[in-house]
Every structure is written in C-alpha cells, then in structure tokens.
Amino acid sequence: MIELTENDEKQLKEKGISKESMQSHINTFKEGIPFVQLKNAAVIGNGILKFTSVEEKELIAFYDSKLKDLDVLKFVPASGAASRMFKALFNFLDVYNPQKETLASYLKRTNDKDIRIFSEGLERLPFYKKVMDRMSNSFDSQGEKVFCFVSELLGDNALNYGFYPKGLLPFHKYGDLEATPFEEHLKEGALYAGSKGKAKLHFTVSEQHEEMFNKEFAESGPRVSEVTDIKYEVDYSFQKSSTDTLAVDMENNPFRNDDGSVLFRPGGHGALIQNLNEQDADVIFIKNIDNVAVMKDAKAVADSKKVLAGVLLKEQEKAFLYASELDKGEVNENKIAEIKTFLLERLNARFSNDFESKSKADKLNILRSKINRPIRICGMVKNEGEPGGGPFWITNTKGEVSLQIIESAQIDMENEQQANIMKNSTHFNPVDLVCGVRNFKGEKFNLLKFVDDKQGFITGKTKDGKELKALELPGLWNGAMALWNTIFVEVPLVTFNPVKSVVDLLKESHQA
C-alpha cells in the first residue's frame, strides 16, 4: 500500500476519497487500460433498431397512454464551461490587430474558417443586438467591428461569456427574446417529460454557477410555465470531489503540487454516474445541455424521445414479468428457453457457448443476473463525420460480448482490423438516452454495481512545466453503463443539434 503523510491523509478525508481508492488509481496507472476489442460495428439489423412511421406512432401512443402513471425525470449534464465554445474567438483576440491588418487579409493569410463564418453571420447570432447595444456603432472597418464585438462578448469587464456555463448563454432568438439552453430544456421537458401537470428536471452544474442557474430559472421558469401550462420542479447537483482522480508522475507516484499536496483532478463526465445514482424515477431521459433545437423542431424532437421511451416501457414490461417468474423459481426448461430468447433478441444479452450444458440451477442464476439490470435505450444518428463515440459490439477481457458506446480513444487505431471495424460504423452517439433504473419490484438499482472500471482513459498532461498522467473515469454513457441491458435505436438527425463552437449557432437548426 502507498505510504501517506499526515497532510495526505487529511487531504483525502476532506475530499472524501479512501486510501484504497487512491491505491486503486495507482494500480490502474501501473497496469494501464487496454484498448477495447471491437467485434463488429452495430448497424441496422445487427444491434440497431429502425422503426417504420407506423411503428413509431404505436410506440408514441404506448408511452403517452402510460405517462399519467409514471414518475419521469429529465437529467441534464450542464456543468460544461463555455470557454471551449469560444476557443476560436479567444485565439482571434490574441493574434489579430485591426489597426495593422484588414479582416480580409487576415482571413486570406490564416484561412481561419471559424472567424470567416462568424464574421459573415454576425447579425444572425442570438446575442448580436445585446452586444451591439453596448458598443459604439462607428467603426473604421469590418475588422475593427468584429474585433470590438468579440472583445465585448468575452472581455472580463464586458459580457464575459467565456466564464459562463454553456447552459446559460443565449442560443436562440425569438423576436426580442433570447433563450438559453436551460430554457429550451424546460420547454422540451413539457413535451415529453411532463406528467400530471408537472415536469421534473435535474441539472448537474458547477458549484460556482448554481446561483446563476437559480437566477435563470427565476426569470425563465414562470414564462415557460405560462406557455406550457406545466409546473416545473428543478434541482441541481455538483460533481463530487470524492470522484476526483489521482494524478501521477511518469514513475506512477502521486504527483505533488509545489506545496507538497497531492494533485487530484476532476474524473470527467463518468463521475456523474454518482449523481445519476441519487435520482429515482420510472423513466429518466438523459440529454446534454448544448443539444437543443429551436422550437419549430420541438415536436419532431419530442416524438423521437417518446419512441425511445415507448421501447423502454415495452421491453421493461416483459423483462419484469420474466424477472418475477425467475424470482419465484417456478420456471421449466421451456420457460428458460423463452427467457433466454427474449434476452438475446430484445435486450441484446449474450451467453457463453456452454450455457446449454449447465445445470438448471446455474441457468436460472445466469438468467436472473442478466435480466435484473438497469436498461438504457440509446438513440443513434447516422454518422455524418462528427467526432465522438459510436455503437459497437465488443468482446471484454472475459470473452463476454456486449453492445457498447465506444469512444475513438478506446480503439487501437494502429490495429488495421480494429480501425476497419470503426470505419465501417454507420452511426454516431448523440447522447440521447432513456433509462429504466428500477427492478421488477420497483426498487432502484445501485447503478455503481454496473460500471466497467476498465473503460476509463489515461492521458498525458503537464502542470507547472512537469509531465504527469491523468485518469478519466469510464464515461457516463460508456463504461459507467457498460453492464446495463442496452438497446440502440436510429433517431432522426433533427434530434442532434450540439453547439461545440460558437459558429454552430449559425446553423439552420438554431435559427428561429
């Protein structure tokens, strides 16, 4: 075990991290995290469902018929800062001087595509009027106007939008009204997560921004409630310091700051499995804060969510029936075969080759284990070149095959066979989930029992000029849900409208 100083132990206690957890991090660094082994890309007909319009209407109707008796929650990871969204603009402020160079010559010299798009679409940005009202309207050149605009947008003593959480920036403009992603999620929630006149939303936020979110809800909540006739229950949680991960030096010893303290870093969005585990509802929708469309697309988005929820409820209904029968133990060989077929064909579970040769008692234990798991229905969009994760069949270190959402960083791209499987992938993960977290008795699963700890990431970083290794926990919809029962469903592109860069706000899906 690692030797700790008195100050180390005090630091661990303050953060709520056990000595065993710290040792586990060190062991992970020493052992490394192996690449996943892709078996196949999940495609339509082999891991991804695609429904006809008639089937979609039936699933929507099924969900709607159950909604009045359901406890529904919309869970929104919302702690992302907007600084990365404005990366191109911060760079522009650093390298451009309107007194020495025209904007046209800068664009020709640098081929800065983001600034070209930004400057050409300036007046269509949702915050254009707000920024311009704060500025003098006399500019000697377009370059000076754009430079002053960006300075006013991001300056510490101006709007300071680079400091804001992404969820509280103006994303859409309806007449004179600017709508934030937070407000758009409230509107969306009314369309598919509202039941008995109320809708519950939970946002994971940075502690420093909680007051800002409360202020936004105080302003936009009553306005949205009046239009939707829905009463909103909104609460927040923070990423726990106990989920921070240890950083180590290049010899896998704890990295120490200049004051001698041990360096811990946030564990990434996978830490939010702890926050999700504290929520309890019949149906939980999960969607990123920046993935919102203008309201003209809201019905199509809501219908897609209802399709996924309809799939969850239908499959869960059957799973609960089988789980109850297994619990009572009154299951013959024919029923064992029936339950196995359901798990294979509907919940994408996979069985070892020797399953049929096992005793009846062993078969029943395996079936109970496989059916008594949380269920996630994950929307998948057709791959149009977006970076990020996708749906794959993988084989783990125990030889078990399962459906997973895998990030490119988890794949050995120098392995030609693995790289080819990734290239054959047809769909992309937009983070569009509907989750069932209760068992057939109505008890909530402990979600921490269904995490694959071997799906984290080790990355190289530097601090104070020194190299270090950092550990990122298994992603929330990746390894943190690896042992859930998983169903992938194709959803339309209209449901996927993330804003990773400020210029994404100029896309049609964000123009009211």
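Residue numbers start at 1 and run along the sequence shown.
Heavy atoms only, all atoms of each residue included: Leu505 and Pro170 are closest at CD1-O, 4.1 Å. Of all heavy-atom pairs spanning His25 and Thr245, the tightest one is CE1-CA, 3.6 Å. Nearest heavy-atom pair across Leu308 and Gly379 is CD1-N, 3.9 Å. Shortest non-hydrogen contact noted between Leu73 and Ala281 is CB-CB, 3.9 Å. Residue Leu186 comes nearest to Ser220 through the heavy atom pair CD1-OG, 4.1 Å, listed as atom of the first residue, atom of the second, then distance. When all heavy atoms of Gln455 and Ala482 are compared, the pair lying nearest together is NE2-CB, 3.7 Å.
The distance from atom CZ of Arg373 to atom NZ of Lys449, rounded to the nearest 0.5 Å, is 13.0 Å. Separating the NZ atom in Lys39 from the OG atom in Ser402 is a distance of 11.0 Å, to the nearest 0.5 Å. Between the CG atom of Leu159 and the OH atom of Tyr161 there is a distance of 5.0 Å, given to the nearest 0.5 Å. Annotation: the span from Gln279 atom CD to Asp71 atom CG amounts to 10.5 Å, rounded to 0.5 Å. Note that CG of Asp112 is 9.0 Å distant from OG of Ser119, once rounded to the nearest 0.5 Å. Atoms CD1 and OG, from Ile17 and Ser24 in turn, are 11.5 Å apart once rounded to the nearest 0.5 Å.
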task = In sequence, state the C-alpha distance, the side-chain angles, and the governing distance for Asn439 and Glu443, and then conclude on side chain to side chain donor-acceptor pair (under 3.5 Å).
result = CA-CA 5 Å; Asn439 67 15; Glu443 303 160 336; 2.9 Å; yes
task = Starting from the C-alpha separation in whole Å, work towards a yes-or-no answer on side chain to side chain contact (heavy atoms under 4.5 Å, CB included) for Leu38 and Gln417.
result = CA-CA 9 Å; Leu38 304 181; Gln417 183 244 7; over 6 Å; no
request  = Starting from the C-alpha separation in whole Å, work towards a yes-or-no answer on salt bridge (Lys or Arg N to Asp or Glu O under 4.0 Å) for Asp235 and Lys200.
outcome  = CA-CA 8 Å; Asp235 64 356; Lys200 292 194 288 187; over 6 Å; no
query = Which is it for Cys435 and Ile286 under the side chain to side chain contact (heavy atoms under 4.5 Å, CB included) test, yes or no, and what are the steps along the way?
reply = CA-CA 8 Å; Cys435 303; Ile286 300 179; 3.8 Å; yes
request  = In sequence, state the C-alpha distance, the side-chain angles, and the governing distance for Val381 and Val491, and then conclude on side chain to side chain contact (heavy atoms under 4.5 Å, CB included).
outcome  = CA-CA 5 Å; Val381 294; Val491 294; 3.6 Å; yes
Pair Asn348-Trp393, side chain to side chain donor-acceptor pair (under 3.5 Å): steps then yes or no = CA-CA 10 Å; Asn348 296 303; Trp393 292 98; over 6 Å; no
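For the pair Arg109/Tyr106, a side-chain contact is recorded, criterion being any heavy-atom separation below 4.5 Å from C-beta on. Contact check for Asp452 versus Pro474: no side-chain heavy atoms found under the 4.5 Å cut-off. Residues Phe255 and Lys461 have side chains not in contact (no heavy-atom distance under 4.5 Å, counting atoms from C-beta outward). Side-chain contact between Leu313 and Leu70: present, with at least one pair of heavy atoms (C-beta onward) separated by less than 4.5 Å. Side-chain contact between Lys10 and Glu14 is present, with at least one heavy-atom pair separated by less than 4.5 Å. Between Lys441 and Asp327, some side-chain heavy-atom pair lies under the 4.5 Å cut-off. The side-chain heavy atoms of Phe127 and Glu152, taken from C-beta on, include no pair separated by under 4.5 Å. For the pair Asn291/Val431, no side-chain contact is recorded, criterion being any heavy-atom separation below 4.5 Å from C-beta on.
In this structure, the side chain of Gln410 engages the main chain of Glu407 through a donor-acceptor pair within 3.5 Å. Between the Thr243 side chain and the Lys240 main chain, a donor and an acceptor come within less than 3.5 Å of each other. Listed for the His202 side chain is no donor-acceptor partner under 3.5 Å among the backbone atoms of Asn275. Here the side chain of Asp259 pairs a donor or acceptor atom with the backbone of Ser261 at under 3.5 angstrom. The backbone N or O of Met413 sits nowhere less than 3.5 Å from a side-chain atom of Gln418 that would complete a donor-acceptor pair. Within the 3.5 Å criterion, the main-chain N or O of Asn365 finds no donor-acceptor partner in the side chain of Ser369. A donor-acceptor pair under 3.5 Å is absent between the side-chain atoms of Arg376 and the main chain of Leu433, judged by distance alone. Side chain of Ser151 to backbone of Phe147: a donor-acceptor contact under 3.5 angstrom is found. When atom types are taken as modelled, the side chain of Thr5 and the backbone of Asp8 share a donor-acceptor pair closer than 3.5 angstrom. Side-chain atoms of Gln11 come within 3.5 Å of backbone atoms of Val262 as a donor-acceptor pair (strictly under, hydrogens ignored).
Counting non-hydrogen atoms of other residues, nucleotides and ligands closer than 6.0 Å to NZ of Lys13 gives a total of 12 or fewer. Shown here is Glu416, whose CD atom has no more than 12 heavy atoms of other residues, nucleotides or ligands within 6.0 Å. Within a 6.0 Å sphere centred on CG of Asp354, heavy atoms belonging to other residues, nucleotides or ligands number more than 12. With a 6.0 Å radius and a threshold of 12 heavy atoms from other residues, nucleotides or ligands, Glu207 has its CD atom at or below the threshold. Enclosure of atom NZ in Lys15 by more than 12 non-hydrogen atoms of other residues, nucleotides or ligands within 6.0 angstrom is indicated. Within a 6.0 Å radius of CG in Asp94, more than 12 heavy atoms belonging to other residues, nucleotides or ligands are found. Counted within 6.0 Å of OH on Tyr164, heavy atoms from surrounding residues, nucleotides or ligands total 12 or fewer; the atom is thus considered open.
Tested against Phe171, the residues Asp504, Asp290, Asn497 include a single side chain to side chain contact (heavy atoms under 4.5 Å, CB included) partner, Asp290. Considering Leu447, Ile284, Asn485, Asn446 as possible partners of Pro374, the one that fulfils the side chain to side chain contact (heavy atoms under 4.5 Å, CB included) test is Leu447.
Salt bridge status for Asp249 with Arg256: absent, with no side-chain N to carboxylate O gap under 4.0 Å. Using a cutoff of 4.0 Å between basic side-chain nitrogens and carboxylate oxygens, Lys287 and Glu188 are scored as salt-bridged.
The list of ring-ring contact (aromatic ring centres under 6.0 Å, His included) pairs with a residue in residues 462-491, not counting sequence neighbours, reads His269-Trp477.
Under the 3.5 Å distance criterion, with hydrogens and angles disregarded, no donor-acceptor pair is assigned to the side chains of Glu278 and Ser237.
Two rings, from Phe238 and His209, have their centers 6.0 Å or more apart.
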Using distance only, find each side-chain donor-acceptor pair of residues 74-92 under 3.5 Å and give its atom names and separation, not counting sequence neighbours.
| residue | atom | partner | partner atom | Å |
| --- | --- | --- | --- | --- |
| Lys74 | NZ | His185 | ND1 | 3.0 |
| Lys74 | NZ | Tyr192 | OH | 2.7 |

In a table with atom names and distances, give each donor-acceptor pair under 3.5 Å that connects a side chain of residues 463-473 to protein atoms at least two apart or in another chain.
| residue | atom | partner | partner atom | Å |
| --- | --- | --- | --- | --- |
| Lys463 | NZ | Asn257 | OD1 | 3.2 |
| Lys469 | NZ | Asn252 | OD1 | 2.7 |

